[in-house]
There are 2 protein chains.
Amino acid sequence: MSQLGEFELIERFFHRSGKTAPGVALGIGDDCALLAPTAGQQLAVSSDMLVEGRHFLSTVAPERLGHKALAVNLSDLAACGARPLAFTLALALPRPDAAWLEGFARGLFALADAHGCALVGGDTTAGPLNLCITVFGEVPPGQALRRSGARVGDELWVSGTPGEARLALEVFRGTLSLPQAAFERVRARMETPTPRVALGLALRGIASACADVSDGLAGDLGHILTASGVGACIDAATATSLLAKPDQLALGYGEIPPEKRLEWVLAGGDDYELVFTAPAAAHGAVLRAAQAAGTPVTCIGTIEAAPGLRLRAADGHVRPCPYGGFDHFA
Amino acid sequence: MSQLGEFELIERFFHRSGKTAPGVALGIGDDCALLAPTAGQQLAVSSDMLVEGRHFLSTVAPERLGHKALAVNLSDLAACGARPLAFTLALALPRPDAAWLEGFARGLFALADAHGCALVGGDTTAGPLNLCITVFGEVPPGQALRRSGARVGDELWVSGTPGEARLALEVFRGTLSLPQAAFERVRARMETPTPRVALGLALRGIASACADVSDGLAGDLGHILTASGVGACIDAATATSLLAKPDQLALGYGEIPPEKRLEWVLAGGDDYELVFTAPAAAHGAVLRAAQAAGTPVTCIGTIEAAPGLRLRAADGHVRPCPYGGFDHFA
């Protein structure tokens with residue numbers, strides 16, 4: 001087929017004139033989009049940029065990449081308990097490839113539609129493949145989940161199964177071998193993460209602090225600890241068990257050494273789970289919120305006064321956590 | 001010096017904790033920023049992505065690039081008559097270079113501060129140099145300048161001196177030679193464009209349609225014509241004269257053939273001027289708005305019913321405009 005032009009590309013793959021969305025007064029097609037947030041609500045804003053080879057492999061299916069580019073941004077809204085409203089997409093492409101764009105847009109809009117989040121504008125240009133999404137959500141004043149609210153004695157929780165995305169990366173790197181069914185599962189976890197939007201909304205008024213896990217549980221928890229001026233101790237066996245649930249063992253995860261499971265749970269990366277704290281008295285409320293959101297959560301430790309992150313072994317021995325966060329420049 | 005880490009980079013160059021801004025409830029440092037728009041105002045949103053070699057030369061001074069990255073986004077707010085509020089910055093860098101980042105941040109914040117526009121969040125990652133800014137502004141409902149409001153009989157206006165940025169590009173390409181003083185002027189026009197924010201605000205309620213000129217005057221005017229369902233005729237001599245003002249002639253622009261001047265005014269690119277329409281009865285109001293904004297404007301033509309863009313020569317001969325817009329994939 002002939003070369004796609006910039007405006008034809010936007011019109012063909014990203015302009016859905018039939019779609020309107022509450023809170024969007026003007027969508028794609030002018031110099032700016034116009035958002036009309038619900039009266040009295042604050043607007044939560046986050047930007048994430050995905051670079052080929054850093055945030056996704058060049059072999060990823062475009063549909064999965066479309067999903068992931070939005071998912072990692074929705075994950076930031078989830079972490080602050082905001083309801084998705086709209087997003088912009090800036091896209092640098094080596095060349096406009098219709099088949100690629102069609103798949104990318106399909107994955108992108110499937111997730112956007114599932115969250116009622118409208119594409120309102122953006123930019124397209126030639127260049128090394130780069131996806132930058134800025135997402136907007138709404139949250140009532142004072143109800144946003146922050147990183148700074150963790151208090152000594154709070155329980156420490158994490159959603160889902162951190163570490164599974166890392167298993168896929170290790171398989172791609174050739175350092176781990178998994179049965180086919182297990183590989184398909186962890187590959188989907190890496191390529192199509194589920195943003196925990198429903199959980200974030202359900203945790204408003206319950207969680208004392210929250211962050212999303214993108215660069216590893218230990219590293220992102222570290223941001224909560226620093227912002228809150230506290231420390232934490234994680235139960236190592238409980239953390240390790242996040243990669244040894246019955247369904248995972250049935251898929252062959254049992255072959256992975258326990259110390260590797262612990263490392264990947266704590267410092268896997270690309271998880272897009274929520275790590276959060278809540279008063280111990282809210283234990284039941286957290287479980288009910290998680291159930292209402294259809295998202296499994298696990299209490300993995302406790303907030304303590306002493307700064308830093310520690311691991312407590314089954315025998316009671318406590319040691320500093322040896323895993324840090326992921327640095328994109330390290 | 002040692003390698004800069006991602007978080008140190010943000011803390012050192014982009015986190016200005018002493019700075020607060022109206023409308024910003026929470027800035028850098030959490031999963032999301034929180035904006036608290038003025039009650040009843042709409043939020044204007046625009047994203048622009050700048051890629052090395054496409055939107056700027058690798059030789060540009062980082063301070064000028066910091067200015068330009070924000071300027072091209074503020075230009076979109078200007079085009080819809082919105083008042084700047086805040087922005088996010090996503091940055092992919094081949095490596096974290098302190099001297100480069102210091103210059104970039106200096107240019108970025110100088111322009112941001114001049115417009116009361118706060119950096120509220122973003123992302124940094126390793127990757128081919130790419131700058132993506134999403135900017136937020138406020139505008140009262142119904143007062144945003146749109147592309148779709150041009151009416152037959154309206155006058156057609158443009159701000160400043162479209163074409164000057166292109167002269168710099170031609171000098172860099174070696175296809176044009178200019179005296180040093182002229183080169184410095186056009187180079188500054190290309191590298192540090194002035195977003196016409198004050199003019200956009202002043203044109204609320206006066207202009208019937210408006211767009212910013214980033215991909216060439218003819219091309220961006222084309223978006224207004226299409227969105228408004230009209231055509232236009234530009235006076236060729238008036239357009240040509242935008243690169244033959246007395247101060248320009250004093251700098252040596254007189255050496256440029258008139259047909260080249262016309263081409264670069266109409267299809268230069270990188271101008272970040274405003275092209276807008278207004279009823280003929282508002283001619284004086286436009287001039288007063290421009291004077292109040294301290295921005296020169298020129299009436300270059302008329303909106304007509306027949307679709308398309310035409311040029312009228314001094315002898316009255318009318319021909320189709322041979323220049324189109326810039327396509328990033330063409």
Side-chain angles (χ1 to χ4, degrees), chain A residues 3-7 9 25-26 29-37 39-40 42-49 51 54-55 76-77 79-80 82 88-92 95-96 120-128 130 132 134 136-137 139 141 144 146-148 210-212 227 327-330, chain B residues 3-7 9 25-26 29-37 39-40 42-49 51 54-55 76-77 79-80 82 88-92 95-96 120-128 130 132 134 136-137 139 141 144 146-148 210-212 227 327-330:
Chain A
Q3 174 92 337
L4 266 171
E6 179 179 2
F7 301 103
L9 182 164
L26 180 65
D30 217 296
D31 290 280
C32 293
L34 294 174
L35 303 182
Q42 291 184 340
L43 206 73
V45 177
S46 184
S47 292
D48 269 310
M49 178 175 267
V51 176
R54 284 266 156 186
H55 302 89
D76 285 309
L77 290 186
C80 75
T88 60
L89 167 68
L91 192 59
R95 69 209 148 270
V120 294
D123 196 10
T124 55
T125 183
N130 184 306
C132 183
T134 301
F136 313 101
V139 61
R146 303 273 303 271
R147 294 177 174 176
S148 54
C210 189
D212 85 318
D327 186 321
H328 283 280
F329 292 111
Chain B
Q3 173 92 338
L4 265 172
E6 180 179 359
F7 300 103
L9 182 164
L26 179 65
D30 217 297
D31 290 281
C32 293
L34 294 174
L35 303 182
Q42 291 184 339
L43 206 73
V45 176
S46 184
S47 292
D48 270 309
M49 180 176 266
V51 175
R54 285 265 155 186
H55 302 90
D76 286 309
L77 290 186
C80 75
T88 61
L89 166 68
L91 191 59
R95 68 208 149 270
V120 294
D123 197 10
T124 54
T125 184
N130 184 306
C132 183
T134 301
F136 314 102
V139 61
R146 302 275 303 271
R147 293 177 175 177
S148 53
C210 186
D212 86 317
D327 186 320
H328 283 279
F329 292 111

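In what follows, chains carry the letters A, B, and so on, assigned in the order in which the sequence lines appear, proteins first and then strands, with residues in each chain numbered from 1.
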What distance do B:D123 atom CG and A:S46 atom OG have between them, rounded to the nearest 0.5 Å?
7.5 Å
Name the member of B:N130, B:L77, B:T134 that forms the most heavy-atom pairs with chain A at distances under 4.5 Å.
B:N130
Just so I understand: if I count every heavy-atom pair under 4.5 Å between each of A:V120, A:V51, A:D212, A:D30 and chain B, which residue has the most?
A:D30
Find the distance between CG (A:D48) and SG (B:C132) and round it off to the nearest 0.5 Å.
11.0 Å
What's the spacing between B:R54 CZ and A:T125 OG1 if we round to 0.5 Å?
6.0 Å
Winner by heavy-atom pair count (cut-off under 4.5 Å) against chain A, out of B:L43, B:D31, B:T88:
B:D31
How long is the gap from CG on B:L26 to CZ on A:R146, to the nearest 0.5 Å?
4.5 Å
Given the options A:A25, A:G29, A:A90, A:A33, which has more heavy-atom pairs under 4.5 Å with chain B than any of the others?
A:A33
Proximal component of B:A39, with respect to chain A [non-hydrogen, under 4.5 Å]
neither
What part of A:L89 is in contact with chain B, defined as an atom under 4.5 angstrom from a non-hydrogen atom: side chain, backbone, both or neither?
neither
Considering only heavy atoms, which portion of A:V139 lies under 4.5 Å from any heavy atom of chain B: side chain, backbone, both, or neither?
side chain
Looking at B:A44, B:C80, B:A144, which makes the most heavy-atom pairs under 4.5 Å with chain A?
B:A44
